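Remarks on the structure that follows.
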Number of protein chains: 2
Amino acid sequence: MSTDGPAPVSRDERRRRTEAAILEAARALFAETGFERATIRAVATAAGVDPALVMQYFGSKEKLFTEATRWAHDQVSVLDVPREQVPAAALADLFETFEGAGGRDGAVALMRSCLTHPEANRTLRDDVMCSVASGVADRIGGEDADLRAGLLAACVMGLGLSRYLLRIPAVSEASRADIERLLEPALRALLGPPDRPAG
Amino acid sequence: MSTDGPAPVSRDERRRRTEAAILEAARALFAETGFERATIRAVATAAGVDPALVMQYFGSKEKLFTEATRWAHDQVSVLDVPREQVPAAALADLFETFEGAGGRDGAVALMRSCLTHPEANRTLRDDVMCSVASGVADRIGGEDADLRAGLLAACVMGLGLSRYLLRIPAVSEASRADIERLLEPALRALLGPPDRPAG
DNA sequence: GGCACCGGTCAACGGCTGTAGAGTGAACTC
DNA sequence: GAGTTCACTCTACAGCCGTTGACCGGTGCC
């Protein structure tokens, strides 16, 4: 309580901290109630600042939301594994996204608002689902590759929705291992028969 | 075009018709934009009446929403088929719910709002998902029956979400038959090994 | 034919929302 | 140490929302 010194926080540092606090509060509130019900006033209160400061930092509620739900493409492992490991990797990616160290609020916030907020809808469909499904389809191959990949993505998203958003007890309270054990074989069936390079 | 007569609509008949028109408009708007963004004024305009009349008929926006998204338990066939037909019946129920003759807007409206509206959330989780999953679990049997049923419900809901709400192209534009052909075997894998009556 | 009823409309209120602009005091620069 | 910058706050506005109560006119009943 003495070695801390007189709080030598520079102006830049303060700005970075409050911006992070606002972003964190926004993520939490967007995740909890969705875009429409989360108000800038509530975000500001949670972050301990004035509502006008939120506007000053992010320009508008829309831009705040976009910033708070930015999707990181690079933490998707399903695009980097051989065909047979796609189902397991897809599940691992889901668990990592929603239970990993990096705050899960951003993902929940995007998903929470994806049915009522036009841009969240577009982002989740195009930048997440279609983008991933397209890569998965390449690994699956065959005539129905696109549909198979789409159905796989749909099932994984259904799991995420049930477990983290709707919180259906049987799915929400199950262990990650149990879900992988039961669901991975089912997703594997979506891949279809093993590769046949030509045909 | 002449035998119609001078529109002999009684007062009761008029009331029933306008109430139905309001309900239909509400379903359509709730389905399109969700509970929060759909306004009573917009519903009234779409139904061709005054906003105050909507209040007079349904009491509040909440009650209007509840009425517009009432869930009919009786059209679920998955609870009336033997174990091996559960996956096919679950898919048939989904297609019937969202593409059947009885307006699909009610189902879309409930689903559209299930992530942001507390009561829609509760209804979809408890009255739809848990209720159905519980019945399915009974048919599946075994140690993990509840989780297996929950995962099956999650996958089917993921399909519905991708096809009718997010409209992911690969899933949305596929034929019902193709989806059944590819997804039914996968869902069948969720049932686990065939019944073993004791054990 | 007079009267009560009721489907329907009009105008308005209070509250909440996103947003804008002026102002303030402490941290930085020279 | 004076002047500037900038994080931050206060106050306010305009618009939209759900909701209400008074009012109007045709319909049904005696």
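Just so we're clear, the structure is a prediction, and the values are computed from it rather than from any experiment. Just so we're on the same page: letters track the sequence lines, and every chain starts at 1.
- Counting non-hydrogen atoms under 4.0 angstrom, B:Ala38 reaches the backbone sugars and phosphates but no base.
- At whole-Å resolution of the value, CG in A:Leu53 and P in C:dA26 are 17 Å apart.
- Between the P atom of C:dG8 and the CE atom of B:Met55 lies a distance of 16 Å, rounded to the nearest Å.
- Placement of A:Leu191 and A:Val81 within a single hydrophobic cluster is found when ILVMFWY residues are connected by side-chain heavy-atom separations under 4.5 Å, directly or transitively.
- Put simply, CZ on A:Arg14 is 8 Å from P on C:dA27, counting in whole angstrom units.
- Residues B:Arg14 and B:Glu19 are not paired through a salt bridge, judged by the lack of any N-O separation under 4.0 Å between the basic side chain and the carboxylate.
- What separates CZ of B:Arg41 from P of C:dC10 is a distance of 13 Å, to the nearest Å.
- One atom, CD1 of A:Ile40, and another, C1' of C:dC16, lie 13 Å apart when rounded to the nearest Å.
- OP1 and OP2 of D:dG28 both lie 4.0 Å or more from every side-chain N or O belonging to B:Arg11.
- Distance CZ (A:Arg37) to P (C:dC16): 14 Å, rounded to an integer number of Å.
- The side chain of A:Thr39 lies closest to C:dT17, out of C:dT17, D:dC10, C:dC5.
- Side-chain contact of A:Glu119 with A:Thr66: a donor-acceptor pair under 3.5 Å is present, judged by distance alone.
- For the pair A:Glu13 CD and D:dC8 C1', the computed distance is 17 Å after rounding to whole Å.
- The same ILVMFWY cluster, assembled from side-chain heavy atoms under 4.5 Å apart, contains both A:Leu115 and B:Val171.
- Taking only side-chain nitrogens and oxygens, B:Thr18 comes nearer than 4.0 Å to OP1 or OP2 of C:dG8.
- In this structure, CD of A:Gln56 is placed 17 Å from P of C:dG18, rounded to the nearest angstrom.
- A:Tyr57 has a side-chain polar atom (N or O) that falls below the 4.0 Å cut-off from OP1 or OP2 of D:dC8.
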